[in-house]
Amino acid sequence: MPGWIDTHIHLNWHLDADRKSVSNGGKPEDMALETAGDAYTTLNGGFTTVQSVGAAIDANVRDIVARGLIPGPRILTSMRQIQANAGDPEALRALVRRTKEQGADVIKLFATSGLGAGGDQTMSDEQIQAVCAEAKAVGLRSVVHAIGDKGARTAVLAGCTSIEHGTFLKDETLDLMAQRGTFFDPNLLVLHNYLDNRAAFTFTEEQLNTIEKGIAPTEDVIHRARAHNVKLAFGTDAVAGSHGRNAEEFIYRVRDAHEKPMDAVISATSRSAESLGMGETIGSVAPGYEADLVATDGNPLDDITAVRRVVFVMKGGKVYRNAK
């Protein structure tokens, strides 16, 4: 297959020596090494391109990987996450320009609160419009954290590139996304990872129950998005505990959300490449494309769990894994 693409991860999140989640703080050199380690693990898991959204350290690792000094996937990063408290529309436009100047590949914004907080819209319509319009003006895509429907719909109308999560999207918003070509990046691995590694995080029992209750609507919105012909990308929201296990998203989509195996593979290859604006260089096996390849022990179209058995990884024509 073409090398897999994960359009939503957090490379800097990692488990420390006590198996506790770390996303910030500590020694800068430790954070850099852990981020590089997550990149290496992700590449070995079959993912040759990732989009990390977003910490500043991602850019350092991106550049060092691109120079060939350490192994890792091709990395795109937002470098930061833009939220409502970053200022009025004019201040947000300036922040987008500054983020571009600092070397970001994409803009990440939070239109709503998180799942545990209910997912209501947190940015005003004017703030969302300012961020996405300015991103487009400076030549960057905009990906939007949106749990609830209201914030997601505002982001779609504002011309943002992709809706992330989208747990409670209504059919009318899915139709609007299909009409406008907005990409949709739902994530199941992150929810399962929080529950599987609950001791690593600081969630309360109430929050964990909310996360668990978010799995079924996420499976449902994936199924409905397919029915409404929305462009589904492939993202995991991989945080501490899930780097290197990104391929579990395939299994959750096929086994639990009832996607066809080929649809899931296309999401993680050519469709995700398109969502990144890289559809003419990665995501397919064809003349003129980057030589990104992944092979598994077993055919995932017959048995989706074959994605757990990666035996060969090539990125840009260089072999990084060859277990057979």
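Counting only distance, with no hydrogens or angles, the side chain of T204 and the backbone of Q207 share a donor-acceptor pair below 3.5 Å. Of the possible polar contacts, none joining the H228 side chain to the T173 backbone as a donor-acceptor pair under 3.5 Å is found.
Two residues are said to be in side-chain contact when any heavy atoms from C-beta on lie closer than 4.5 Å; I222 and L232 meet this criterion. Here the side chains of T296 and P300 are in contact, with some heavy-atom distance below 4.5 Å. N246 has its side chain out of reach of W4: every pair of non-hydrogen atoms, C-beta onward, lies at least 4.5 Å apart. Between K108 and I82, the closest side-chain pair of non-hydrogen atoms is not below 4.5 Å. At least one side-chain heavy atom of L115 sits less than 4.5 Å from a side-chain heavy atom of F168. Side-chain atoms of I107 and V143, non-hydrogen and from C-beta on, never get closer than 4.5 Å to each other. Inter-residue side-chain proximity for N187 and T218 is flagged as unmet; no heavy-atom pair is nearer than 4.5 Å. You'll find the side chain of V144 stays beyond 4.5 Å of the side chain of V156, heavy atoms only.
One distance of note links OH of Y320 with NZ of K318; it measures 4.5 Å at 0.5 Å rounding. Taking CE from M314 and CG from D292, the interatomic distance works out to 9.0 Å, rounded to the nearest 0.5 Å. In this structure, CG in L191 is found 10.5 Å from CD in E212, a value given to the nearest 0.5 Å. Interatomic distance, K231 NZ to R180 CZ, rounded to the nearest 0.5 Å: 14.0 Å. Between atom CD of residue Q127 and atom CG of residue L109 there is a gap of 10.0 Å, rounded to the nearest 0.5 Å. The structure places CZ of R98 at 5.0 Å from CG of L95, a figure rounded to the nearest 0.5 Å.
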Donor-acceptor contacts under 3.5 Å from residues 57-73 side chains, at least two apart:
residue, atom, partner, partner atom, Å
D58, OD2, S52, OG, 2.8
D58, OD2, A55, N, 3.2
D58, OD2, T77, OG1, 3.3
R62, NH1, G103, O, 2.7
R62, NH1, D105, OD2, 2.9
R62, NH2, G103, O, 3.4

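If you check the side chains of S162 and E164, you find a donor sitting under 3.5 Å from an acceptor. A donor-acceptor pair shorter than 3.5 Å cannot be found between the side chains of T48 and R74.
Other residues, nucleotides and ligands contribute only 12 or fewer heavy atoms inside 6.0 Å of the CD atom of E280. In the displayed structure, E206 atom CD is contacted under 6.0 Å by at most 12 heavy atoms of other residues, nucleotides or ligands.
Listed here is the closest heavy atom pair of V230 and F184: CG1-CB, 3.6 Å. P261 approaches V254 most closely through the heavy-atom pair CA-CG2, 3.9 Å. Of all heavy-atom pairs between L276 and Q51, the closest is CD2-OE1, 3.4 Å. Across all their heavy atoms, F47 and A247 have their closest contact at CE1-N, 3.5 Å.
The pair E248-R245 does not count as a salt bridge, with every side-chain nitrogen at least 4.0 angstrom from each carboxylate oxygen. Look at R309 and D303 and you find a salt bridge, because one of the NZ, NE, NH1 or NH2 atoms lies within 4.0 Å of a carboxylate O, short of that distance. Look at D120 and K150 and you find no salt bridge, because none of the NZ, NE, NH1 or NH2 atoms lies under 4.0 Å from a carboxylate O. Electrostatic pairing of R253 and D263 does not count as a salt bridge here, judged by no charged N lying under 4.0 Å from a carboxylate O. In summary, E172 and R153 do not engage in a salt bridge, as defined by a charged side-chain N under 4.0 Å from a carboxylate O.
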Checking side-chain contact (heavy atoms from CB on, under 4.5 Å) for the pair D171/R224: CA distance, chi angles, key distance, verdict? CA-CA 7 Å; D171 287 349; R224 289 187 292 114; 2.6 Å; yes
Could you go through R141 and S78, starting from their C-alpha distance and side-chain angles, then the distance that decides it, and tell me whether this counts as side chain to side chain donor-acceptor pair (under 3.5 Å)? CA-CA 10 Å; R141 295 168 295 107; S78 66; over 6 Å; no
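Aromatic pair F234/F250: ring centres closer than 6.0 Å.
Screening residues 72-164 for disulfide (SG to SG under 2.5 Å), with sequence neighbours left out, gives C132-C160. Contacts classified as disulfide (SG to SG under 2.5 Å) and involving residues 4-33 (residues at least two apart or in different chains) are not found.
Between H145 and H165, the ring planes lie perpendicular to each other; the angle is over 60°, past the 30° to 60° tilted range. The aromatic rings of H8 and H10 sit perpendicular, their planes meeting at an angle over 60°, well past the 30° parallel limit.
Note on M123 and I163: same hydrophobic cluster, where clusters join Ile, Leu, Val, Met, Phe, Trp and Tyr whose side-chain heavy atoms are under 4.5 Å apart, directly or indirectly.
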